[in-house]
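Shown next, in structure tokens, is the structure this report addresses.
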Amino acid sequence: MAEDGRACYVYGVVTDDRPDESVKDLPAVGDPEAPVTLVRQGGQAAVVSEVPVDKPLGTPEDLRTHARVLDHLAAQGSPVLPFRFGTVVRDTAAVADELLAEGHDDFARGLDRLRGRTQLTVRARYDQDAVLREVVTEQPEARRLRDELRGLPEDAGYEQRLELGQLVMDSIAAKRSVDALELDRRLAPYALGSVSEEPASPEGLINASFLVEDAKREAFEEAAEELAAHWHGRVRMRLLGPLAPYDFVADATLEGKEGDE
């Protein structure tokens, strides 16, 4: 039972075959000194730590710690259902008797669907100088505007600068669409599903997450390396994982439920 002024922070749910040592010495959200532990119930276990109820959560370090705990569990090879950041329950008794007991069937369905699968995330962004050279090479109008602006003072050529800026943005957007399709064409065959989004930065190409079976992980990683080599000097790629399946946890629990109707 948590002490007065303390509650249980819940990171996610794993199968009950996880040893207590699997979460030993992990950092904790809200209180770096609090141990991360497992609360077991009905063949499942919630990953928890104590947090002070009078301290607001949500610092960058809290967010990083939440992900660090879940990704550590994902790297161990057994399924993990990650919870949204900020999930707090009254105490360990409530975790066992309410959270795990009431959610048992949904959790079991999700854990079963994620067994032997992991999330791999690709973050790709353009080398800004390289992509600008492409635009100038491919677009005669961009070359003309660039030449007109060359040597002019900063306060001159306002209209031309606006026109050139818009032309560059449109050209990069078109490239982004083509290159995102190329990334999906090369990597999606090795995955069970994918989720992607355009990054916020202007030089961003795409952030794409893939749910990959363990048996195909090596082939996926090789395909990603081949694509990175193909785009060398033009696009910078990072492959992250194995990660907790943040982008696929809803599908894992809901698809089976819909199929049972």
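Along the sequence shown, the residues carry numbers beginning at 1. Given the structure is predicted, the values throughout are model-derived calculations rather than measurements.
For Y11 and F83, the gap between ring centers reaches or exceeds 6.0 Å.
A side-chain donor-acceptor contact under 3.5 Å links R40 to the backbone of D16. Without hydrogens or angle criteria, Y126 side chain to L132 main chain gives no donor-acceptor distance under 3.5 Å. Not one N or O on the side chain of S22 forms a donor-acceptor pair closer than 3.5 Å with the backbone of R18. A side-chain donor-acceptor contact under 3.5 Å links S171 to the backbone of L167.
With values rounded to the nearest 0.5 angstrom, D97 atom CG is found 9.0 Å from R90 atom CZ.
Contact record, R117 with R113: NH1-O, 2.7 Å, taken as the closest heavy-atom pair. Nearest heavy atom pair, residue G233 against residue A130, reads O-CB, 3.3 Å. Considering every non-hydrogen atom in both A191 and V212, the closest pair reads CB-CG2, 4.2 Å.
Of the N and O atoms on the side chains of Q76 and H72, at least one donor lies less than 3.5 Å from an acceptor on the other residue. In the model, S209 has a side-chain atom that pairs as donor or acceptor with a side-chain atom of T121 under 3.5 Å. Side-chain contact annotation: D62 with T65, donor-acceptor N/O pair under 3.5 Å absent.
V47 and L99 fall into different hydrophobic clusters, where Ile, Leu, Val, Met, Phe, Trp and Tyr are joined by side-chain heavy atoms under 4.5 Å apart, directly or via other members. V136 and V131 are not part of a single hydrophobic cluster, where members link through side-chain heavy atoms under 4.5 Å apart. Follow the hydrophobic side-chain contacts under 4.5 Å out from Y246 and you never reach L111; the two are in separate clusters.
By the 4.0 Å N-to-carboxylate-O rule, R115 lies too far from D214 to be salt-bridged with it.
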